[in-house]
> 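Before I ask anything, let me first share the structure, which is written out below as structure tokens.
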Amino acid sequence: MNSADENFELREIQRLEGHTDRVWGVAWKPATGVNGVPAVLASCSGDKTVCIWEQSPATGSFQQKAVLEETHTRTVRSCMWSPSGKLLATASFDATTAIWEDVAGDFECISNLEGHENEVKSVSWNASGSLLATCGRDKSVWIWELLPHNEFDCVSVLQGHTQDVKMVQWHPSMDILFSCSYDNTIKVWAEDGDSDDWHCVQTLGESNSGHSSTIWALSFNTNGDKMVSCSDDLTVKVWGADIMRMHSGDGNVPWAHLCTLSGYHDRTIFSVHWSREGIIASGAADDAIRLFVESIDGLVGEPSYKLLLKKEKAHDMDVNAVQWGSTENSLLASASDDGTVKIWQLTSSS
């Protein structure tokens, strides 16, 4: 995105009210909001529910279409749609991960994955929808395989972090898993081709220009050759890897620190998400949302990023999550401790 001569505005389209407690996460349903299919968004909350919102083709406004409740007994911390959009996984502090099937707009809990000792913090599907990863306060990462008839089998329990694991995220095109933790590290997990065992192939920490405090979230660009992470240390870091080598089947391709963005948020950065157009959004405990883009005036071979815009007081309280829609309509969803979800549109004022 060339932003050299343009002024951008993050315009609030709608404030979604339906939760009765803080909202922890949002997830856009794949293949919605495009080709006449109404955009669909899921949000999860401390009120133990997940809300499903759908955009009206006539008015453009979002309405609550369903409330998924009476399954989780504690906070729902994370939600994510499978790539096909047929299944929604929800991770809860009740130590379970629920799998919901969407049948023509009716949601049924078809599976409840148990195994974590306590709070499940995050859930992520791989690109093909065949694997689901979960992580939690018990310092472990679990990998589940989706079998026929919507059965799930735990194929690996990964013990490598020394603290609470905050987030798991699959690479956008390869079966390589990333996890970030209270122990200030990001771990990269890959399958051993010979034995089908999963193991840690790299740890990104302070020793390789990593974060100095809890890492809350990470996200990938569309190509999958760059990753962004955010932390309690008030920085956003960008990492890179040789995607050609990765696609040749080398799961051990190292990730290297490319640059650090600091001085933009003055409280913990809870969420980062990379848009298809290359814009990084961040949400933080300072109630603000920031947008960053790659700067074209960086040194050759050294990418640098600059602030595109800042939205102060985006919410009345902490911004827990930001997520771009998967289509070109530049919609951004944010979730907050103030109990609301907001839909934003990035517009150019030039």
> Donor-acceptor pair, Ser45 side chain versus Arg22 backbone, under 3.5 Å?
yes
> Does Leu88 form a side-chain contact (heavy atoms from CB on, under 4.5 Å) with Leu68? I'd like the steps, not just the answer.
CA-CA 11 Å; Leu88 178 69; Leu68 316 188; 3.9 Å; yes
> Examine distances only and state if a side-chain atom of Ser78 and a backbone atom of Val123 form a donor-acceptor pair shorter than 3.5 Å.
yes
> Can you tell me how far the OG atom of Ser43 sits from the CZ atom of Phe62, to the nearest 0.5 Å?
11.5 Å
> Not counting sequence neighbours, which residues clear salt bridge (charged side-chain N to carboxylate O under 4.0 Å, His left out) with Asp47? List them please.
none
> Are the side chain of Asp183 and the backbone N or O of Thr162 linked by a donor-acceptor pair below 3.5 Å?
yes
> Can you name the closest pair of heavy atoms from Gly85 and Trp81 and give their distance?
O-CE3, 3.7 Å
> I'd like to know if the side chain of Trp28 and the backbone of Gln323 have a donor-acceptor N/O pair within less than 3.5 Å.
yes
> Test of understanding: clusters of I, L, V, M, F, W, Y form through side-chain heavy atoms closer than 4.5 Å, transitively. Do Met246 and Trp189 belong to the same one?
no
> Roughly how far, to the nearest 0.5 Å, is the CZ atom of Arg137 from the CZ atom of Arg77?
13.0 Å
> Ignoring hydrogens, what is the shortest heavy-atom contact between Val236 and Cys230? Give both atom names and the distance.
CG2-CB, 4.4 Å
> For Ser111, enumerate each residue passing the side-chain contact (heavy atoms from CB on, under 4.5 Å) test, keeping only those at least two apart in sequence or located in another chain.
Ile99, Leu113, Phe152
> Let me know which of Ile279, Thr347, Leu346 forms a side-chain contact (heavy atoms from CB on, under 4.5 Å) with Ser330.
Leu346
> Decide whether Asp192 and His199 meet the rule of one side-chain donor and one side-chain acceptor closer than 3.5 Å.
no
> Measure the spacing between OG1 of Thr96 and CD of Glu114 and express it to the nearest 0.5 Å.
6.5 Å
> When you compare the side chain of Lys29 with that of Asp102, does any pair of heavy atoms fall below 4.5 Å?
yes
> Could you tell me if the side chain of Thr90 sits less than 4.5 Å from the side chain of Cys44, heavy atoms only?
no
> Between His273 and Trp324 (side chain of the first, backbone of the second, donor and acceptor by atom type, cut-off under 3.5 Å), is there such a pair?
yes
> Has Asp94 got a side-chain atom pairing as donor or acceptor with Thr73's backbone, closer than 3.5 angstrom?
yes
> Hey, could you give me the NZ/CH2 distance between Lys226 and Trp239, rounded to the nearest 0.5 Å?
14.5 Å
> What verdict does the side-chain contact (heavy atoms from CB on, under 4.5 Å) test give for Leu146 and Trp144, after you've listed the backbone C-alpha separation in whole Å, the side-chain angles of each residue and the deciding distance to 0.1 Å?
CA-CA 7 Å; Leu146 174 58; Trp144 309 81; over 6 Å; no
> State plainly whether one hydrophobic cluster holds both Val293 and Ile289, where clusters connect Ile, Leu, Val, Met, Phe, Trp and Tyr through side-chain heavy atoms under 4.5 angstrom apart.
yes
> Are the side chains of Ile343 and Leu331 in touch, meaning some heavy atoms are under 4.5 Å apart?
yes
> Does a salt bridge link Glu119 with Lys121, judged by any charged N lying under 4.0 Å from a carboxylate O?
no
> Can you see which heavy atom on Cys51 is nearest to which on His19, and at what distance?
SG-CE1, 3.4 Å
> Is any side-chain heavy atom of Cys180 closer than 4.5 Å to one of Ile186?
yes
> Check Pro30 against Pro83 and note the closest heavy-atom contact, atom names and distance.
CB-O, 3.4 Å
> Given Ile143 and Glu191, is the side-chain contact (heavy atoms from CB on, under 4.5 Å) satisfied, shown in steps?
CA-CA 11 Å; Ile143 297 177; Glu191 198 173 15; over 6 Å; no
> Is there side-chain contact between Trp100 and Thr71, with heavy atoms separated by less than 4.5 Å?
yes
> What pair of heavy atoms forms the shortest contact from Leu218 to Met167, and how long is it?
N-SD, 3.4 Å
> How many angstroms lie between CD in Glu9 and CH2 in Trp344, if you round to the nearest 0.5 Å?
10.0 Å
> For the backbone of Gln163 and the side chain of Ser181, can you confirm whether one donor and one acceptor N or O come within less than 3.5 Å of each other?
yes
> Would you say Leu41 ends up clustered with Val37 if hydrophobic residues are merged whenever their side chains have heavy atoms under 4.5 Å apart, either directly or through other cluster members?
no
> Do Ser173 and His247 come close enough that some side-chain heavy atom pair is under 4.5 Å?
yes
> For the residue pair Asp175 and Trp170, confirm or rule out a side-chain donor-acceptor distance under 3.5 Å.
no
> Is there a path of hydrophobic side-chain contacts, each under 4.5 Å between heavy atoms of I/L/V/M/F/W/Y residues, joining Val322 to Leu291?
yes
> Determine whether a donor-acceptor pair (N or O, by modelled atom type, separation under 3.5 Å) exists between the side chain of Thr32 and the backbone of Val40.
yes
> Which heavy atom of Val141 sits nearest a heavy atom of Ser179, and at what distance?
CG2-CB, 4.0 Å
> Tell me whether Met80 shares a hydrophobic cluster with Ile52, the cluster being built from Ile, Leu, Val, Met, Phe, Trp, Tyr side chains joined at under 4.5 Å.
no
> Is the shortest side-chain heavy-atom distance between Lys86 and Glu101 below 4.5 Å?
yes
> Does Lys48 have more than 12 heavy atoms from other residues, nucleotides or ligands lying within 6.0 Å of its NZ?
no
> Does any non-hydrogen side-chain atom of Ile243 lie less than 4.5 Å from one of Asn223?
no
> Just verifying a value: how many Å separate Thr185 OG1 and Glu206 CD, rounded to the nearest 0.5 Å?
11.0 Å
> Check whether any side-chain N or O of Asn208 sits under 3.5 Å from a backbone N or O of Ala256 as a donor-acceptor pair, and report yes or no.
no
> Do the side chains of Lys342 and Glu17 get close enough for a salt bridge, i.e. N-O under 4.0 angstrom?
no
> Could you go through the side-chain contact (heavy atoms from CB on, under 4.5 Å) check for Tyr264 and Lys310 one step at a time?
CA-CA 9 Å; Tyr264 295 103; Lys310 55 187 178 185; over 6 Å; no
> Which word best sums up how the rings of Trp142 and His116 line up, parallel for under 30°, tilted for 30 to 60°, or perpendicular for over 60°?
tilted
> Relative to each other, are the rings of Phe93 and Trp24 parallel, tilted or perpendicular (30° and 60° limits)?
tilted
> Is Glu70 atom CD crowded by more than 12 heavy atoms from other residues, nucleotides or ligands, each under 6.0 Å away?
no
> Is the backbone N or O of Arg15 less than 3.5 Å from a side-chain atom of Thr340, with the two atoms forming a donor-acceptor pair by type?
no
